[in-house]
Engineer: 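Please find one structure pasted underneath; my questions will follow.
No experiment lies behind these values; they were computed from the predicted model shown. Proteins get letters first, then strands, A, B, ... in listed order; numbering begins at 1 in each.
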There are 4 protein chains.
Amino acid sequence: MSPLSEEQLIKRRETQRQRIVEAALKVFAVRGLHGAKMSMIAEEAELSAGQLYRFFESKEELFITLIRQVAKETTMERINDLPGSPFDKLRSFTASILKEESAQYPFKLIQHANNAEDVPDEAKQLLQHFSVKRYIEQLLPLFEEGQQIGDFAQGNARKLISAFLTMLSALITLNMPIDDDHQLPDADMLMRIVAGPRFQDR
Amino acid sequence: MSPLSEEQLIKRRETQRQRIVEAALKVFAVRGLHGAKMSMIAEEAELSAGQLYRFFESKEELFITLIRQVAKETTMERINDLPGSPFDKLRSFTASILKEESAQYPFKLIQHANNAEDVPDEAKQLLQHFSVKRYIEQLLPLFEEGQQIGDFAQGNARKLISAFLTMLSALITLNMPIDDDHQLPDADMLMRIVAGPRFQDR
Amino acid sequence: MSPLSEEQLIKRRETQRQRIVEAALKVFAVRGLHGAKMSMIAEEAELSAGQLYRFFESKEELFITLIRQVAKETTMERINDLPGSPFDKLRSFTASILKEESAQYPFKLIQHANNAEDVPDEAKQLLQHFSVKRYIEQLLPLFEEGQQIGDFAQGNARKLISAFLTMLSALITLNMPIDDDHQLPDADMLMRIVAGPRFQDR
Amino acid sequence: MSPLSEEQLIKRRETQRQRIVEAALKVFAVRGLHGAKMSMIAEEAELSAGQLYRFFESKEELFITLIRQVAKETTMERINDLPGSPFDKLRSFTASILKEESAQYPFKLIQHANNAEDVPDEAKQLLQHFSVKRYIEQLLPLFEEGQQIGDFAQGNARKLISAFLTMLSALITLNMPIDDDHQLPDADMLMRIVAGPRFQDR
DNA sequence: TATGAATGAGCATTCATTCAT
DNA sequence: GATGAATGAATGCTCATTCAT
């Protein structure tokens with residue numbers, strides 16, 4: 001029956017598990033805890049609903065697992081690979097997030113976890129503290145550099161990052177359909193929050 | 001014959017109806033359209049679930065009625081009664097909203113309506129366009145005055161207000177619990193978005 | 001409080017009770033046992049839903065009472081007051097029933113009682129046996145006369161009446177909307193069932 | 001992988017679907033649209049109530065599907081396979097319908113659809129027009145032959161059939177239990193409606 | 001006593017979870 | 001192991017019946 005070695009089997013299992021988590025991220029992010037049906041996640045992961053339960057005991061466990069992984073793994077580090085000044089990097093990074101749907105999933109997830117009531121406390125804690133803290137630490141060097149060269153506003157850098165992330169998260173999840181009269185704030189709007197004197201009212 | 005006069009009955013009925021709407025506002029705002037159960041609304045309004053249906057034909061009708069009322073009645077006008085300059089007014093107003101839970105319900109409702117699936121179109125329309133537009137118009141004189149005296153940043157005032165409201169809404173719904181290390185963005189943070197040169201980096 | 005004598009009170013009560021029964025006849029006949037709501041009957045009788053229960057312990061009791069009264073009181077006797085031969089009388093009588101809605105109520109009631117499953121056995125028994133029997137006895141003299149003068153078909157008169165009533169009942173309750181191509185059987189159609197040789201194929 | 005082949009699954013599914021439709025036919029016919037509970041249909045089809053919804057979106061859809069199938073498939077054509085003259089055929093056919101409960105379901109369904117409130121319009125249309133028209137067309141050759149050889153009464157054949165069907169439907173749904181004194185109208189009674197001179201008063 | 005407000009049991013429907021195949 | 005069929009608990013809604021006023 002089994003032409004695969006024990007090790008291969010374990011690896012295969014891990015791959016599938018990861019595939020489920022990714023499917024769940026997408027579905028939970030887009031539809032929220034209540035709106036996401038196990039059947040949708042199964043379909044997205046291309047396996048049967050029954051199979052989900054070989055990997056996760058319940059919807060709740062899947063959700064918490066997902067949250068844990070997002071809290072641990074989501075990273076802001078690729079911002080450093082972008083070209084230009086700190087200000088340029090942050091703007092490009094912001095714009096790319098606002099453009100690419102899958103980059104928004106973690107933010108949407110945080111949003112849903114905050115708004116839904118039946119979310120296990122552990123999940124809320126993880127998302128709110130741990131992941132935001134991680135993001136802040138990852139962005140800190142960039143911001144400090146930006147403040148030194150006058151690109152960014154002065155003051156407590158961590159507080160500034162926190163503000164920026166909150167606003168970014170807001171933009172993503174509010175997702176207000178654009179209306180002709182009042183264009184919504186976009187990446188440049190966001191940059192006002194962090195911009196130093198040099199950029200004000202430009 | 002009748003134990004209560006016609007007039008009393010009508011008044012009583014209207015009172016109760018309003019009580020249901022208020023209970024619904026709270027529950028829908030906190031839990032969203034799908035997370036809110038009719039039984040929760042009934043409990044909040046202190047009557048039986050069955051009774052709700054004497055006032056509203058369905059959960060959906062209750063929701064839409066609520067949305068209509070919010071869209072029509074929620075006002076930003078009391079901001080004008082606050083003391084001080086436009087900047088002071090906006091800051092006090094913002095701070096009071098961030099402090100008082102019931103003031104946040106309309107914003108949370110908008111948030112839920114935007115993120116949840118299966119929200120009746122009429123509700124989405126009303127919340128997204130009508131109510132946001134109303135807020136903008138109500139804040140416009142204040143902002144224009146603030147721009148004239150240099151309190152607020154220059155540029156399209158409506159766009160500025162829209163940005164501000166988006167951010168306010170974000171703060172409310174993100175609702176991140178304060179954590180010792182990194183104080184969350186608060187009213188002053190928000191003011192950065194609208195502040196003119198005079199206030200930058202103060 | 002009471003300017004009415006004991007006797008007047010009792011009479012008044014009886015009047016109201018009768019009014020309820022008549023309202024119930026109409027509503028049950030038109031909508032059936034399940035389709036008839038107590039509130040509809042109350043409205044038809046022009047009193048409150050609560051009042052019904054001062055006269056009848058339950059919907060079921062009201063229904064059975066109604067059935068009993070219909071079984072006992074519905075009469076075919078006015079057929080004898082009509083002008084003409086037995087054949088003429090029966091045809092006029094039939095036509096009048098087919099034209100006047102309230103005359104059809106007892107027939108519709110029988111129909112509903114036969115078709116609904118949750119009808120108390122007593123009600124079914126009463127309607128099926130007792131009332132049909134009464135009708136037969138009331139029509140018997142007319143039919144016998146009709147047979148003697150050759151208006152009606154020969155054979156067991158009771159059986160003939162039973163057949164006729166079944167068909168009449170059918171016409172009333174089937175109530176098929178007339179369609180241009182195939183006019184429905186009407187009074188003359190019905191008469192074929194009882195007609196003697198004299199009337200065949202006229 | 002799959003424990004059953006695709007083909008087997010599809011066949012099985014179709015079988016079960018048909019089984020539900022048959023259960024529904026029985027329950028709807030006997031109890032009517034409102035009297036029939038989904039749980040009853042489920043029990044009759046020997047599955048859980050929840051399962052019904054894997055095959056039909058709602059009670060209404062199940063009902064309409066059933067009606068459609070009845071309107072399309074119920075046939076009078078097997079009457080032609082019976083032995084004897086047109087008169088004999090019609091009498092045997094009638095008697096068999098009056099004896100076999102499942103043959104009566106379509107008639108009962110029509111009856112319920114006509115009498116109940118809140119029956120979807122499509123269902124009424126289908127039953128009243130389409131199916132009755134079909135029956136008429138299917139019986140037309142037999143009746144025309146019967147009229148030619150003098151078995152059946154003269155006149156508009158379609159009208160005659162319509163009358164006959166109405167009466168047959170009546171007999172089925174009235175369903176009066178036989179009582180010793182007055183034998184109920186039966187197949188022979190029905191034949192009086194269509195019988196030509198040859199058969200009168202036999 | 002009369003009203004109509006309130007309750008709660010019942011039914012349609014959905015979906016997480018289990019299980020026969 | 002894998003599938004998707006089956007179950008049953010939960011929830012929206014209706015309406016007979018009761019009860020506060």
Engineer: Check D/Gln69 against D/Gln18 and note the closest heavy-atom contact, atom names and distance.
Structural biologist: NE2-NE2, 2.8 Å
Engineer: Is there a side-chain polar atom (N or O) of B/Tyr53 under 4.0 Å from OP1 or OP2 of F/dC13?
Structural biologist: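 Looking at the OP1 and OP2 atoms of F/dC13, one of them is under 4.0 Å from a side-chain N or O of B/Tyr53.
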Engineer: To the nearest angstrom, how far is B/Lys37 atom NZ from F/dC13 atom C1'?
Structural biologist: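 About 14 Å, once rounded to whole Å.
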Engineer: Verify the contact: side-chain N or O of A/Gln51 to OP1 or OP2 of F/dA2, cut-off strictly under 4.0 Å; return yes or no.
Structural biologist: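 The answer is yes; a side-chain N or O of A/Gln51 sits under 4.0 Å from OP1 or OP2.
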Engineer: My understanding is that only one of A/Glu44, A/Glu46, A/Glu14 makes a salt bridge (charged side-chain N to carboxylate O under 4.0 Å, His left out) with A/Arg19; could you say which?
Structural biologist: A/Glu46
Engineer: Just the rounded figure in Å: distance from C1' of F/dT11 to CZ of B/Arg31.
Structural biologist: 13 Å
Engineer: Can you check the D/Leu52 CG to F/dT7 P distance for me, whole Å?
Structural biologist: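 In whole Å, F/dT7 P and D/Leu52 CG are 10 Å from each other.
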Engineer: Roughly how many Å is it from CZ in B/Phe63 to P in F/dC13, rounded to a whole number?
Structural biologist: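 In whole Å, F/dC13 P and B/Phe63 CZ are 13 Å from each other.
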Engineer: F/dA16 C1' sits how many Å from C/Leu33 CG, rounded?
Structural biologist: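 For the pair C/Leu33 CG and F/dA16 C1', the rounded distance is 12 Å.
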Engineer: What is the distance from CD of C/Glu60 to C1' of F/dT17, rounded to the nearest Å?
Structural biologist: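 Roughly 14 Å, once rounded to whole Å.
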Engineer: For A/Ala36, answer base if it contacts any base atom (sugar-phosphate contacts may also be present), sugar-phosphate if it contacts only those atoms, and nothing otherwise; contact means non-hydrogen atoms under 4.0 Å.
Structural biologist: sugar-phosphate
Engineer: Roughly how far, to the nearest 0.5 Å, is the NZ atom of C/Lys108 from the NZ atom of C/Lys26?
Structural biologist: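 Between C/Lys26 NZ and C/Lys108 NZ, I get 11.0 Å after rounding to 0.5 Å.
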Engineer: Taking atom NZ as the centre, does D/Lys59 end up with more than 12 heavy-atom neighbours from other residues, nucleotides or ligands that are less than 6.0 angstrom away?
Structural biologist: yes
Engineer: Checking A/Phe63 now: which residues fulfil ring pair (Phe, Tyr, Trp, His ring centres under 6.0 Å) with it, not counting sequence neighbours?
Structural biologist: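 A/Phe63 satisfies ring pair (Phe, Tyr, Trp, His ring centres under 6.0 Å) with A/Phe28 only.
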Engineer: Figure out the CG/P separation between C/Leu47 and E/dG4, and round it to whole Å.
Structural biologist: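 Nearest whole value for this atom pair: 11 Å.
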Engineer: Does C/His34 or B/His34 map to a spot on DNA chain F nearer the 5' end, using the closest nucleotide for each?
Structural biologist: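 Upstream on the strand: B/His34.
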Engineer: If you assign C/Phe55 and B/Gly50 each to the DNA chain E nucleotide with the nearest heavy atom, which residue ends up on the more 5' nucleotide?
Structural biologist: C/Phe55
Engineer: Counting just side-chain N and O atoms, does C/Arg54 come under 4.0 Å of either OP1 or OP2 of E/dT1?
Structural biologist: yes
Engineer: DNA chain F: C/Ser58 or D/Glu46, which has the more 5' nearest nucleotide?
Structural biologist: D/Glu46
Engineer: Compare side-chain N and O positions of B/Arg12 against OP1 and OP2 of F/dA20 and report whether any pair is under 4.0 Å apart.
Structural biologist: no
Engineer: OH/A/Tyr53 to OG/A/Ser48 distance, rounded to the nearest 0.5 angstrom?
Structural biologist: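 Here the rounded value is 11.0 Å.
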Engineer: Which one, E/dT13, F/dT3, F/dC13, comes nearest to the side chain of A/Ser48?
Structural biologist: F/dT3
Engineer: Whole angstroms only, please: what is the CG-P distance between B/Leu62 and F/dG12?
Structural biologist: 11 Å
Engineer: If you check the B/Met38 side chain, which of F/dC15, E/dA12, F/dG12 turns out closest?
Structural biologist: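 Out of F/dC15, E/dA12, F/dG12, the nucleotide with an atom closest to B/Met38's side chain is F/dG12.
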Engineer: For F/dA5 and D/Arg13 - does any side-chain N or O of the residue sit under 4.0 Å from the phosphate oxygens OP1/OP2?
Structural biologist: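 Looking at the OP1 and OP2 atoms of F/dA5, one of them is under 4.0 Å from a side-chain N or O of D/Arg13.
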Engineer: Report, as yes or no, whether the 6.0 Å neighbourhood of atom CD on D/Gln125 holds more than 12 heavy atoms from other residues, nucleotides or ligands.
Structural biologist: yes
Engineer: Using five pairs at either end of the helix from E/dA2-F/dT21 to E/dT21-F/dA2, determine the angle between the two local helix axes and round it to 10 degrees.
Structural biologist: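 The angle, to the nearest 10 degrees, is 10°.
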Engineer: Sequence neighbours excluded, which residues qualify as side chain to side chain contact (heavy atoms under 4.5 Å, CB included) partners of A/Ser58?
Structural biologist: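 So A/Ser58 forms a side chain to side chain contact (heavy atoms under 4.5 Å, CB included) with A/Glu60, A/Glu61.
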